[in-house]
Participant: 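Below you will find the structure I want to go over with you.
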Amino acid sequence: MGDGGAADDATSPPAAAGFSYLAVFHNYPLVAALLGFAIAQSIKFFVTWYKENRWDPKQLIGSGGMPSSHSATVTALAVAIGFKDGFSCSLFATAAIFASVVGYRLSILTPVMYDASGIRLHAGKQAEVLNQIVCELPSEHPLSETRPLRELLGHTPTQVVAGALLGCTIATAGQLLL
């Protein structure tokens, strides 16, 4: 033990000389997921500019809007894992459950997508109503100066499906380019 014998060499971790922080860029599923997120957020930025004729840098990091970056991220991750490790491996099964397909009304959504289109969408609608109520309060009311709540929190089913298609496209393109 600790005397430099052969047993220590067999159980010791590899030397740190081979470690590289750049190795993360060769992790295809991680890169696909991050690209899915970045491209979806960039699209939101340009969609806002196109629809409202104004640049809104908050769209680059904010939630809500077209397409869903959450859907793009989890879909790109799952599809890229399937391409890389095989669609019958345990890791793909884990990613598929994380982004498992469940029916919700007329759209096909995953648990993450369900949160984006269901819970957060309705929280945003409630925030809109509460903001309207606060605006109508008399100025002497203690809540009349309350900062408005964020209203754009969730996604419509169309935005969720668009994000999922974007994620699938990104992972597929990455597979074709590799």
Participant: If every non-hydrogen atom of P67 is compared with every non-hydrogen atom of G163, which pair is closest and at what distance?
Facilitator: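 For P67 and G163, the tightest heavy-atom pair comes out as CB-N, 3.7 Å.
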Participant: Once ring pair (Phe, Tyr, Trp, His ring centres under 6.0 Å) is applied, do any residues pair with F25, and if so which ones, sequence neighbours excluded?
Facilitator: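 None.
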Participant: Of all heavy-atom pairs between Q159 and M66, which one has the smallest distance, and what is that distance?
Facilitator: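 Here Q159 and M66 meet closest at NE2-N, 3.6 Å.
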Participant: Holding to ring pair (Phe, Tyr, Trp, His ring centres under 6.0 Å), I want the full list of residues that pass it with F37, two or more places apart in sequence or in another chain.
Facilitator: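 None.
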Participant: Between L165 and T169, which heavy-atom pair has the shortest distance, and what is it?
Facilitator: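 The answer is O-OG1, 2.7 Å.
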Participant: Mind checking who shares a hydrophobic cluster with L35, ILVMFWY linked at side-chain heavy-atom distances under 4.5 Å?
Facilitator: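 Members besides L35, by chain and number: V31, I39, I43, V47, L166, I170.
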Participant: State, to 0.1 Å, how close A171 and A76 come at their nearest heavy-atom pair, and which atoms those are.
Facilitator: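 Minimum heavy-atom separation between A171 and A76: CB-O, 3.6 Å.
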Participant: Identify each donor-acceptor pair in which a side-chain atom of residues 78-92 lies under 3.5 Å from a protein atom, sequence neighbours left out, and give them as a table.
Facilitator:
none

Participant: Could you pull out all residues at least two apart from Y50 that satisfy ring pair (Phe, Tyr, Trp, His ring centres under 6.0 Å)?
Facilitator: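 Here no residue qualifies.
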Participant: Taking only residues two or more places apart in sequence, or in another chain, which ones meet T94 in a side chain to side chain contact (heavy atoms under 4.5 Å, CB included)?
Facilitator: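 Expected list: none.
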Participant: Among all residues two or more places apart in sequence or in another chain, which pass the ring pair (Phe, Tyr, Trp, His ring centres under 6.0 Å) test with Y28?
Facilitator: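 Residues passing ring pair (Phe, Tyr, Trp, His ring centres under 6.0 Å) with Y28: none at all.
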Participant: Following the transitive rule for hydrophobic clusters with a side-chain heavy-atom cut-off under 4.5 Å over Ile, Leu, Val, Met, Phe, Trp and Tyr, establish whether V24 and Y21 coincide in one cluster.
Facilitator: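 Hydrophobic grouping puts V24 apart from Y21.
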Participant: What distance do L30 atom CG and L77 atom CG have between them, rounded to the nearest 0.5 Å?
Facilitator: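 These two atoms lie 8.0 Å from each other.
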